[in-house]
Amino acid sequence: MIHQPPVHFLGKTLTGQPVQKQVRKLKDLDNIFLDQAAFSAADMNRVVYEVFSYLPVDEGTEGGLFFGMTHLYPGTVGQEFYMTKGHFHTIENRAEYYWCVEGEGMLLMMDKHRNTWAEQMQPGSLHYIDGYTAHRVANTGGGILSFGACWPSDAGHDYATIVKNGFSRRLLSVEGKPALV
Ligand SMILES: O=P(O)(O)OC[C@H]1O[C@H](O)[C@H](O)[C@@H](O)[C@@H]1O
Ligand SMILES: [Fe+2]
């Protein structure tokens with residue numbers, strides 16, 4: 001039997017059934033940004049990013065893979081660029097790939113010892129995120145940053161550790177340029 005694949009990935013667009021769309025607004029990113037005054041003054045309904053996910057197996061399936069496309073909008077809160085919440089995986093040893101399709105950004109990674117480093121994202125850049133490593137993406141450009149992701153379906157997302165302790169370094173816009181401080 002010959003099957004048509006159910007999902008198509010054209011440029012930065014993921015379409016077909018079953019693709020799920022998740023929208024994250026500023027109000028979903030409480031306790032993420034450093035400048036709480038700037039955060040409180042901002043429009044909480046502002047969309048920061050959208051994630052389109054292809055989840056062909058149930059969440060938690062050992063050995064399965066998920067696929068996602070994230071569109072992260074440009075913007076800042078205080079001196080910080082719009083960024084994803086960031087997470088460790090609940091099953092800590094699970095790795096992930098990110099790759100940049102469009103735009104300019106920075107992938108922040110932090111290991112269990114709280115060492116933080118960053119990789120530059122530009123169209124075509126491929127990023128291997130090892131297990132035990134928290135990951136967050138910031139949009140440092142003037143347009144949409146689109147990146148793909150592929151991760152194990154049993155990895156899970158541990159957001160709580162990042163909401164509580166953050167990353168050990170922050171990516172700030174200093175004179176319009178990204179600086180890890
Ligand atoms: O989950 P966040 O930290 O908000 O990042 C946004 C999303 O980025 C990628 O698409 C990941 O693969 C998703 O698992 C993640 O949900
Ligand atoms: Fe992840």
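The first residue of the sequence shown is numbered 1, and numbering continues consecutively from there. Remember, it's 1-based here, ligands and their atoms both numbered in the order they're listed.
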Does an N or O from Gln22, backbone or side chain, lie closer than 3.5 Å to an N or O of ligand 1?
->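 No, Gln22 has no N/O under 3.5 Å of an N/O on ligand 1.
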
Within ligand 1, which atoms have a heavy atom of [X] less than 4.0 Å away?
X	value
Val51	6 (C), 7 (C), 10 (O)
Gly86	3 (O)
Thr84	5 (O)
His87	1 (O), 2 (P), 3 (O)
Ala149	9 (C), 10 (O), 11 (C), 12 (O)
Arg24	1 (O), 4 (O)
Thr70	7 (C), 8 (O), 9 (C), 10 (O)
Lys85	3 (O), 4 (O)

List the closest protein heavy-atom neighbour of atom 16 (O) of ligand 1: residue, atom name, distance to the nearest 0.1 Å.
->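 Here the nearest protein heavy atom works out to His157 NE2, 3.6 Å.
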
Protein heavy-atom partner closest to atom 11 (C) of ligand 1 - residue, atom, separation in Å =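 Checked against all protein heavy atoms, atom 11 (C) of ligand 1 sits closest to Glu96 OE2, 3.4 Å.
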
Return the name of the atom in His89, of element N, O or S, nearest to the Fe ion (ligand 2).
->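 Distance check against the Fe ion (ligand 2) picks out NE2 in His89.
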
Closest Glu96 atom to the Fe ion (ligand 2) [N, O or S only] |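 Result: OE1.
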
Go through the steps for Val77 and Tyr82 under the test side-chain contact (heavy atoms from CB on, under 4.5 Å), then give the verdict.
-> CA-CA 7 Å; Val77 173; Tyr82 277 7; 3.9 Å; yes

Would you please say whether a donor-acceptor pair under 3.5 Å links the side chains of Ser168 and Thr116?
->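 Ser168 vs Thr116: donor-acceptor pair found between side chains.
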
Would you say the side-chain atoms of Asp158 and Thr161 include a donor-acceptor pair closer than 3.5 Å?
->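 A donor-acceptor contact under 3.5 Å links the two side chains.
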
Could you pull out all residues at least two apart from Lys12 that satisfy salt bridge (Lys or Arg N to Asp or Glu O under 4.0 Å)?
->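 Testing Lys12 for salt bridge (Lys or Arg N to Asp or Glu O under 4.0 Å), a comparison that skips the adjacent residues, returns Glu102.
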
Run through Val48, Ile32, Asn139 and flag the one making a side chain to side chain contact (heavy atoms under 4.5 Å, CB included) with Met83.
->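 For Met83, the side chain to side chain contact (heavy atoms under 4.5 Å, CB included) check succeeds only for Ile32.
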
Is Arg136 touching ligand 1 with its side chain, its backbone, both, or neither, if touching means heavy atoms under 4.0 Å apart?
->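 Neither part.
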
Just let me know how Met69 lines up against ligand 1, side chain, backbone, both or neither, with a heavy-atom cut-off below 4.0 Å.
->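 The answer is neither.
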
Check for a donor-acceptor pair, side chain of Ser173 on one end and backbone N or O of Glu80 on the other, with a separation under 3.5 Å.
->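 No.
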
Verify, without hydrogens or angle tests, whether Asp28 (side chain) and Lys25 (backbone) share a donor-acceptor contact under 3.5 angstrom.
->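 The answer is yes, because a donor-acceptor pair under 3.5 Å joins these two groups.
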
Considering residues, nucleotides and ligands other than Arg46, do more than 12 of their heavy atoms fall under 6.0 Å from its CZ?
->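 12 or below, so no.
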
Examine Tyr128 together with Tyr97 and report whether their ring centres are nearer than 6.0 Å.
->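 Yes; Tyr97 has its ring centre under 6.0 Å from that of Tyr128.
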
For atom 4 (O) of ligand 1, which candidate among Tyr159, Phe147, Phe66, Tyr49 holds the nearest heavy atom?
->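 Shortest heavy-atom distance from atom 4 (O) of ligand 1: Tyr49.
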
N/O/S atom of His87 under 2.8 Å from the Fe ion (ligand 2), yes or no?
->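 His87 does place an N, O or S atom closer than 2.8 Å to the Fe ion (ligand 2).
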
Could you tell me whether Arg24 sits above the aromatic face of Tyr159, with NZ or CZ closer than 6.0 angstrom to the six-membered ring centre and within 45 degrees of the axis?
->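 Yes, a cation-pi geometry.
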
Do the rings of Tyr98 and His135 sit parallel, tilted or perpendicular, given the 30° and 60° boundaries?
->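 Ring orientation of Tyr98 relative to His135: perpendicular.
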
